[in-house]
Engineer: 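Have a look at the structure that comes next, please.
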Number of protein chains: 2
Amino acid sequence: MTSSKVGVRSRADVVAAAGRLFAARGYHGTSMRDLAKELGLIGSSLYSHIESKADLLVEVVEVGAELFQESADRAMATTGDGVARLRALVAGHVDVVLDHRDEVRTFLYEANALDEAHRGKVLAARDRYEHEFRTVLQAGADDGSMRADLDSRTAAIFVLSVLNAIERWYRPGGRLSRPELVEEILHFVMGGIGTDLASSKSA
Amino acid sequence: MTSSKVGVRSRADVVAAAGRLFAARGYHGTSMRDLAKELGLIGSSLYSHIESKADLLVEVVEVGAELFQESADRAMATTGDGVARLRALVAGHVDVVLDHRDEVRTFLYEANALDEAHRGKVLAARDRYEHEFRTVLQAGADDGSMRADLDSRTAAIFVLSVLNAIERWYRPGGRLSRPELVEEILHFVMGGIGTDLASSKSA
DNA sequence: CCTACCGATCGGTAGG
DNA sequence: CCTACCGATCGGTAGG
């Protein structure tokens with residue numbers, strides 16, 4: 001927190017500001033002059049810290065990808081049955097989304113503004129992450145802590161759909177605390193909204 | 001299906017092409033020259049059909065909003081208990097998403113490129129739509145076809161999270177047919193992935 | 001629906 | 001980190 005007229009502290013500040021703007025207006029909706037203004041600079045001054053706008057997007061998206069991967073790594077190290085590890089995955093995901101909204105939004109929604117090579121890397125990272133969920137869900141089906149006939153592929157997609165949407169509606173300080181949010185999600189994902197009796201007889 | 005060199009048929013063709021490009025590259029990632037090329041025209045030729053780029057986004061997004069609203073209206077006219085009407089809402093939503101992917105994507109992800117007035121209208125339309133889900137979920141809780149202690153506000157968000165994510169992963173002609181998709185969603189949403197016994201005891 | 005064109009803005013560089 | 005500047009592209013108009 002130095003005086004705001006002394007200049008930008010580092011490349012990391014530029015990347016962070018880029019994350020903010022990419023998340024709010026999108027990559028193509030953000031100009032380098034917008035970004036410079038956010039930092040109290042003039043457009044051309046950015047280029048002493050970074051190489052290009054495209055490079056900036058790569059950095060922000062990679063931060064998002066790494067945060068999710070690190071979270072998954074920690075969760076997978078959890079001991080316990082499928083449900084216990086799913087809880088760890090969900091809680092970790094919630095933390096990443098709420099503590100790094102800008103990078104998460106950019107990771108989720110701006111990846112197709114990347115060049116083909118980097119977009120491929122990001123899609124691969126998403127696949128790996130989704131695969132961790134599938135592994136845990138299959139483990140749960142096998143160890144008896146989840147429905148035995150569960151389709152882990154589809155279930156992983158559904159669970160991640162709920163998790164990735166969080167940043168679109170959750171407001172910190174609202175009626176749901178963060179731990180309550182985690183519980184609500186687990187409750188929904190594990191038990192659904194049907195009665196305990198009616199839940200099996202659909203169609 | 002006239003010869004492709006005779007020129008564009010109507011304003012609706014321009015709007016449809018705009019939907020395609022806005023969905024694929026985003027509003028700010030699409031130039032009027034891109035759009036013209038998609039129709040076999042030159043940039044300036046578009047302006048005999050439309051007023052402005054911003055206007056085009058409004059039209060595409062409004063089509064998306066109307067499709068969802070009409071679908072909800074039909075579903076709400078269904079007789080039956082909460083579960084029956086939820087089924088109708090889900091099936092209708094799946095149809096809208098899969099039959100109008102471009103307009104849906106643009107509606108979901110490009111609304112913040114709208115001017116403030118139109119963005120407000122779109123957010124209001126989303127709120128109305130979400131409210132229909134809440135109504136049906138509360139009805140289900142009251143009529144005994146769903147869990148009695150269900151929080152309809154949160155549940156509506158979770159169900160819509162699953163539904164809105166469909167266009168991000170579902171591929172027609174893949175391993176899941178459309179009716180199977182609807183059943184998978186209902187099964188997940190109603191019963192979750194827990195065992196019938198374990199589903200209640202989370203935390 | 002095209003030709004010809006407009007002012008504004010884009011990402012980025014040279015040089016200090 | 002700024003001054004001064006670049007060629008390219010942007011959304012859009014006049015006039016036919």
Side-chain angles (χ1 to χ4, degrees), chain A residues 1-22 24-61 106 110 112-119, chain B residues 1-22 24-61 106 110 112-119:
Chain A
M1 298 292 170
T2 45
S3 151
S4 62
K5 256 307 176 49
V6 179
V8 144
R9 283 150 300 208
S10 73
R11 176 188 181 94
D13 296 305
V14 180
V15 175
R20 249 176 284 144
L21 296 193
F22 293 166
R25 314 175 194 176
Y27 177 75
H28 292 302
T30 302
S31 77
M32 293 305 270
R33 286 163 178 87
D34 289 339
L35 175 56
K37 197 178 295 173
E38 176 86 2
L39 292 158
L41 301 176
I42 214 169
S44 58
S45 304
L46 292 169
Y47 292 88
S48 39
H49 297 99
I50 55 131
E51 294 78 55
S52 69
K53 189 187 178 188
D55 183 74
L56 223 33
L57 178 61
V58 168
E59 293 218 35
V60 175
V61 168
T106 306
E110 299 299 321
N112 59 5
L114 289 168
D115 62 283
E116 210 166 341
H118 285 104
R119 187 170 54 248
Chain B
M1 295 293 171
T2 47
S3 150
S4 64
K5 254 306 174 48
V6 179
V8 145
R9 284 150 301 206
S10 72
R11 177 189 181 91
D13 296 306
V14 181
V15 176
R20 249 175 284 144
L21 295 194
F22 292 166
R25 314 177 196 174
Y27 176 75
H28 292 300
T30 303
S31 77
M32 293 307 271
R33 284 160 179 88
D34 290 339
L35 176 56
K37 196 177 295 169
E38 176 85 3
L39 291 158
L41 301 176
I42 213 169
S44 57
S45 305
L46 292 170
Y47 291 90
S48 38
H49 296 99
I50 55 132
E51 294 77 56
S52 69
K53 188 188 181 190
D55 184 73
L56 223 34
L57 178 62
V58 169
E59 293 216 34
V60 175
V61 168
T106 306
E110 299 300 320
N112 59 7
L114 289 168
D115 61 283
E116 210 167 343
H118 286 103
R119 187 170 55 245

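Note on naming: letters A, B, ... go to the chains in the order of the sequence lines (proteins, then strands), and numbering restarts at 1 for each one.
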Engineer: Could I get the full list of salt bridge (Lys or Arg N to Asp or Glu O under 4.0 Å) partners for B:Arg33, not counting sequence neighbours?
Structural biologist: none
Engineer: For each nucleotide in nucleotides 11-16 of chain D, reading 5' to 3', give B when a protein heavy atom comes within less than 4.0 Å of its base, S when such contact involves only the sugar-phosphate, and - otherwise.
Structural biologist: BBB---
Engineer: A:Leu35 CG to C:dT9 P: how many Å, rounded?
Structural biologist: 18 Å
Engineer: Working note: B:Glu38 + B:Leu21, criterion side-chain contact (heavy atoms from CB on, under 4.5 Å); need CA distance, chi angles, decisive distance, verdict.
Structural biologist: CA-CA 9 Å; B:Glu38 176 85 3; B:Leu21 295 194; 3.8 Å; yes
Engineer: Please, what dot-bracket string fits DNA chain D when only Watson-Crick and G-U pairs with both distances under 3.5 Å count, crossing ones use [ ] and pairs to another strand use |?
Structural biologist: ||||||||||||||||
Engineer: Sequence neighbours left out, what passes side-chain hydrogen bond (donor to acceptor under 3.5 Å, both in side chains) with A:His28? Give chain and number order.
Structural biologist: none
Engineer: What's the CD1-P distance between B:Ile42 and D:dC10, to the nearest Å?
Structural biologist: 13 Å
Engineer: Could you state the atom-to-atom distance from CG of A:Leu39 to P of D:dC2 in whole Å?
Structural biologist: 11 Å
Engineer: If only atom types and distance count, is the side chain of A:Tyr27 paired as donor or acceptor with the main-chain N or O of A:Thr106 below 3.5 Å?
Structural biologist: no
Engineer: By salt bridge (Lys or Arg N to Asp or Glu O under 4.0 Å), which residues pair with A:Glu51, not counting sequence neighbours?
Structural biologist: A:Arg11
Engineer: Could you tell me how far apart A:Arg25 (CZ) and C:dC10 (P) are, to the nearest whole angstrom?
Structural biologist: 11 Å
Engineer: List the steps and the verdict of side-chain contact (heavy atoms from CB on, under 4.5 Å) for B:Leu39 and B:His49.
Structural biologist: CA-CA 12 Å; B:Leu39 291 158; B:His49 296 99; over 6 Å; no
Engineer: Go through it in stages, so that I can follow the logic: the residues are B:Glu59 and B:Asp55, the test is side-chain contact (heavy atoms from CB on, under 4.5 Å), and I'd like the CA-CA distance, side-chain angles, deciding distance and then a yes or no.
Structural biologist: CA-CA 6 Å; B:Glu59 293 216 34; B:Asp55 184 73; 3.6 Å; yes
Engineer: So, using salt bridge (Lys or Arg N to Asp or Glu O under 4.0 Å) as the criterion, who are the partners of A:Arg119 when residues are at least two apart?
Structural biologist: none
